[in-house]
*Asks:* 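Can you read through this structure? Questions will come right after.
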Amino acid sequence: MNSEQWEKLWREQTVPPSAVNLDRFMEQLAPEPEQWERDLDDNEKLRVKLLLFVVLSQSLGFIDGFAWKDWFFLLSQLALLAWTMANRIQRRRIFGDYGLPMRQRLERMEQLLRRRATGAGEGIAGLLCMGLLGMALWLGFVPRVLGPGAGLIFGVIYLGFMIWICLWQRRLDRSRLEEMLAKLERAKGQLGGS
Amino acid sequence: MRSDPEIERRLRAWWEEHRGVCYRLSRAYAPQADDQADLLQDMAVQLWRSLPGFKEQCRPVTWVYRVCLNTALGWQRGERVRQNLLAPEPGPVDRIAGTEPRPGWTQEKEELLERLYVAIRAQPPEQRTILLLSLDGLGYREIAELTGLTENHVGVTLTRARQKLAEQLKEVRDEL
């Protein structure tokens, strides 16, 4: 094929109308956040505000007479705050750009879900928060109010509760993950067929 | 999707007029049919988003080229880090999913066109861009304006790109 031929071929190529259907492209854009995304967003905002309030009020209250044990409580709130913020940032990266083409959005969502299925980062962050909170209550608040014996009993119960919640959460995560992935597959299938 | 009716009207008019530019660019930058469809959609979205900022300082077609080229280059940069880049080039004919065959075109002609696109995609980015714009009939000055290069540079690069393309297509049978 010489240059004249390829130039002729280039000029002759027409554009298949269905390949450049603007309406189809616009339909595939996610127009607005889904209701559950909005609810999640509102919940997170509220959680961040509450945590900020707790941390600030505790910091102010502990200025005079701040026991070392109280640090656990403050740190647990700070860790929870950081964890919530990190989650929020991550979710924003996935869902934030509502103008993203649907296919890309679905792919990103799938990546996130699969990463969550294999990675334990979030679980560890959650455990850290709960662990610190437990230490604060075990060593600080409960013995101070109810006596050292109650503190020990509380510690054991709390440890059991943490183990139970980890196992329960894991099972819940797995079933929700499978459900979400199945939904994603269906959505991608519909998109491919449109 | 909320949109200013005037913006939407203009987008539709320009899309109707210049959609061929987007189509050719998408095929020249994305090897897979699904990716081409995604890239085309990205271009449409980018045009829609950028339209309110259009300052009427250039012709609409120049602006469309600029937006779509930037989208394609951005897409390609992102694509390099994605795993599916490692997927092999598609077969000789791989139309954008769901599109109808061109009326009056034989299978062989489609294959030749795809071979041409494969050869274009094999060019380095700068040469590929200049070659595409030249094939679309743009002059040195317009290409220089779009790419930010000097006219001289455009001329030299285009000569090299055409030589390379001729080399790549030498083997392709004369079926036209």
Side-chain angles (χ1 to χ4, degrees), chain A residues 1-34 37-38 93-115 118 184-185 187-194, chain B residues 1-3 8 11-12 15-16 19-24 26-27 33-34 36-49 82 95-105 109-110 112-113 115-117 119-120 132 134-137 162 165-166 168-176:
Chain A
M1 194 156 56
N2 61 35
S3 63
E4 275 174 26
Q5 287 170 319
W6 84 55
E7 277 172 2
K8 183 167 173 274
L9 188 67
W10 188 264
R11 279 195 306 273
E12 280 178 359
Q13 66 170 318
T14 51
V15 183
S18 55
V20 285
N21 188 336
L22 191 63
D23 288 326
R24 187 164 62 96
F25 292 154
M26 291 308 186
E27 272 168 23
Q28 283 177 10
L29 289 177
E32 292 290 334
E34 304 266 343
E37 288 179 61
R38 265 183 280 179
R93 280 178 55 204
I94 307 296
F95 300 118
D97 196 351
Y98 295 117
L100 263 186
M102 197 51 133
R103 188 192 299 276
Q104 278 184 26
R105 230 166 145 236
L106 290 175
E107 275 171 5
R108 283 193 190 185
M109 217 186 293
E110 193 177 351
Q111 275 172 16
L112 178 80
L113 285 171
R114 288 194 190 283
R115 206 164 50 225
T118 51
L184 274 178
E185 279 306 315
K188 278 168 80 178
Q190 282 168 4
L191 205 59
S194 65
Chain B
M1 177 177 298
R2 285 184 292 271
S3 170
E8 197 171 328
L11 174 70
R12 286 187 184 281
W15 182 260
E16 195 60 36
R19 59 191 186 179
V21 171
C22 307
Y23 174 78
R24 291 189 291 274
S26 73
R27 275 193 78 172
D34 278 350
Q36 287 166 15
D38 277 350
L39 181 53
L40 259 171
Q41 186 176 8
D42 280 0
M43 286 174 182
V45 171
Q46 213 47 54
L47 285 170
W48 173 65
R49 280 183 181 162
R82 282 171 60 179
R95 279 193 302 274
I96 290 180
T99 62
E100 66 279 23
R102 290 181 179 79
W105 274 50
K109 208 166 169 183
E110 286 284 2
L112 280 172
L113 182 66
R115 293 287 289 270
L116 177 58
Y117 272 110
I120 290 171
L132 271 171
S134 160
L135 280 169
D136 269 358
R162 288 182 72 93
L165 194 66
Q168 286 167 303
L169 296 173
K170 203 167 56 182
E171 304 298 319
V172 180
R173 281 177 304 128
D174 185 357
E175 295 286 349
L176 294 174

*Asks:* Which residue out of Leu135(B), Asp136(B), Leu116(B) racks up the most heavy-atom pairs below 4.5 Å with chain A?
*Replies:*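 Ranked by contacts with chain A, first place is Leu135(B).
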
*Asks:* Using the test side chain to side chain donor-acceptor pair (under 3.5 Å), find all partners of Arg19(B) that sit at least two apart in sequence or belong to another chain.
*Replies:*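 Result, side chain to side chain donor-acceptor pair (under 3.5 Å) vs Arg19(B): none returned.
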
*Asks:* Please name all residues satisfying side chain to side chain donor-acceptor pair (under 3.5 Å) with Gln13(A), sequence neighbours left out, ordered by chain then number.
*Replies:*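 For Gln13(A) the side chain to side chain donor-acceptor pair (under 3.5 Å) partners, ignoring immediate neighbours, are Tyr117(B).
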
*Asks:* If you measure from the Lys or Arg side-chain nitrogens to the Asp or Glu carboxylate oxygens, is any gap between Arg12(B) and Glu8(B) under 4.0 Å?
*Replies:*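 Looking at Glu8(B) together with Arg12(B), the answer is yes, because their closest N to O distance falls below 4.0 Å.
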
*Asks:* Would you mind telling me which of Gly20(B), Ala166(B), Gly137(B), Ala119(B) has the largest number of heavy-atom pairs within less than 4.5 Å of chain A?
*Replies:*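 If we count pairs closer than 4.5 Å to chain A, Ala166(B) comes out on top.
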
*Asks:* Heavy-atom cut-off 4.5 Å, strictly under: side chain, backbone, both or neither for Ile120(B) against chain A?
*Replies:*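 Side chain only.
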
*Asks:* Say you draw a straight line from CD of Gln5(A) to CG of Asn2(A); how long is it, rounded to the nearest 0.5 Å?
*Replies:*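 Going from the CD atom of Gln5(A) to the CG atom of Asn2(A) covers 4.0 Å.
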
